[in-house]
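Following: one structure in structure tokens, then a few remarks.
When reading the values below, keep in mind they use all heavy atoms of this one structure, side chains included, and skip hydrogens, waters and symmetry mates. Small disclaimer: the values here were computed from a predicted structure and weren't measured.
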Amino acid sequence: QVQLAESGGGLVQAGGSLRLSCAASGRTFANYAMGWFRQAPGKEREFVASISGSGSNTYYPNSLKGRFTVSRDNAKKTVYLQMSSLKPEDTAVYYCAADRDFTVVVTKPFYWGQGTQVTVSS
């Protein structure tokens with residue numbers, strides 16, 4: 001069982017940066033690949049980034065490469081999403097997710113957090 005809690009969302013101006021955190025419960029955090037997703041009002045949930053259990057592999061959609069960076073600290077059982085050069089279209093609820101399989105976490109992860117709101121003003 002894994003429980004996830006996101007934090008770090010808020011209001012930021014366009015061009016600014018924000019770092020999201022996701023704290024996980026459970027004793028085997030390093031066994032789980034982690035992912036970040038987002039959902040804007042009226043839109044489908046979108047994959048943002050993923051990272052393998054060891055942290056050695058990451059994956060991003062081409063549209064977000066270079067602006068978003070995912071990392072993790074297994075000792076703290078926390079995964080991070082550093083977002084830079086933010087745009088108003090990045091406004092969404094951001095969710096972290098977990099799955100034992102690095103390929104599955106990109107599409108249908110088993111565990112989900114409750115989400116944190118990110119609003120980028122123009």
Side-chain angles (χ1 to χ4, degrees):
Q1 186 77 9
V2 176
Q3 293 184 322
L4 305 172
E6 303 93 337
S7 62
L11 175 65
V12 62
Q13 288 190 333
S17 298
L18 204 60
R19 189 177 81 159
L20 306 182
S21 300
C22 174
S25 66
R27 296 178 294 176
T28 58
F29 179 67
N31 290 348
Y32 288 85
M34 302 297 294
W36 285 96
F37 293 76
R38 67 184 183 184
Q39 188 166 21
K43 295 188 176 181
E44 293 187 353
R45 191 169 291 183
E46 176 188 18
F47 168 72
V48 173
S50 62
I51 187 166
S52 60
S54 66
S56 59
N57 293 302
T58 57
Y59 180 65
Y60 307 88
N62 288 334
S63 59
L64 296 177
K65 281 182 180 178
R67 293 198 302 122
F68 287 17
T69 303
V70 61
S71 62
R72 66 191 294 160
D73 185 334
N74 285 345
K76 294 182 178 179
K77 298 182 182 180
T78 301
V79 63
Y80 305 98
L81 183 68
Q82 179 69 46
M83 305 183 292
S84 61
S85 302
L86 284 164
K87 307 173 182 180
E89 51 264 42
D90 294 318
T91 295
V93 177
Y94 283 72
Y95 300 88
C96 72
D99 198 278
R100 288 187 175 272
D101 192 315
F102 183 54
T103 58
V104 172
V105 80
V106 175
T107 54
K108 296 181 68 175
F110 192 80
Y111 298 102
W112 290 88
Q114 293 299 308
T116 185
Q117 176 71 47
V118 171
T119 302
V120 183
S121 63
S122 57

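- When each of C96, S50, P109 is tested with F37 by the rule side-chain contact (heavy atoms from CB on, under 4.5 Å), just one qualifies, namely P109.
- For the atom pair CG of N31 and OG of S54, the computed distance is 11.0 Å after rounding to the nearest 0.5 Å.
- Taking the six-membered ring where the residue is Trp, the centroids of F47 and Y59 are separated by under 6.0 Å.
- When the salt bridge (Lys or Arg N to Asp or Glu O under 4.0 Å) test is applied to R45, no partner is found at least two apart in sequence or on another chain.
- With rounding to the nearest 0.5 angstrom, the OG1 atom of T78 is 9.0 Å from the CE atom of M34.
- Side-chain contact between D90 and V118 is absent, with no heavy atoms from C-beta onward closer than 4.5 Å.
- Taking hydrophobic clusters as Ile, Leu, Val, Met, Phe, Trp and Tyr residues chained together by side-chain heavy-atom distances below 4.5 Å, Y111 does not share a cluster with Y80.
- In this structure, the side chains of V120 and Q13 stay at 4.5 Å or more apart for every pair of heavy atoms.
- Exactly one of I51, V105, V70 qualifies for a side-chain contact (heavy atoms from CB on, under 4.5 Å) with W36. That residue is V70.
- Within the 4.5 Å cutoff, the side chain of Y94 has heavy atoms near those of the M83 side chain.
- Between K76 and F29, every side-chain heavy-atom pair lies at or beyond the 4.5 Å cut-off.
- Cation-pi contact between R38 and F68: absent, since separation from the ring centre below 6.0 Å together with deviation from the ring axis within 45° is not met.
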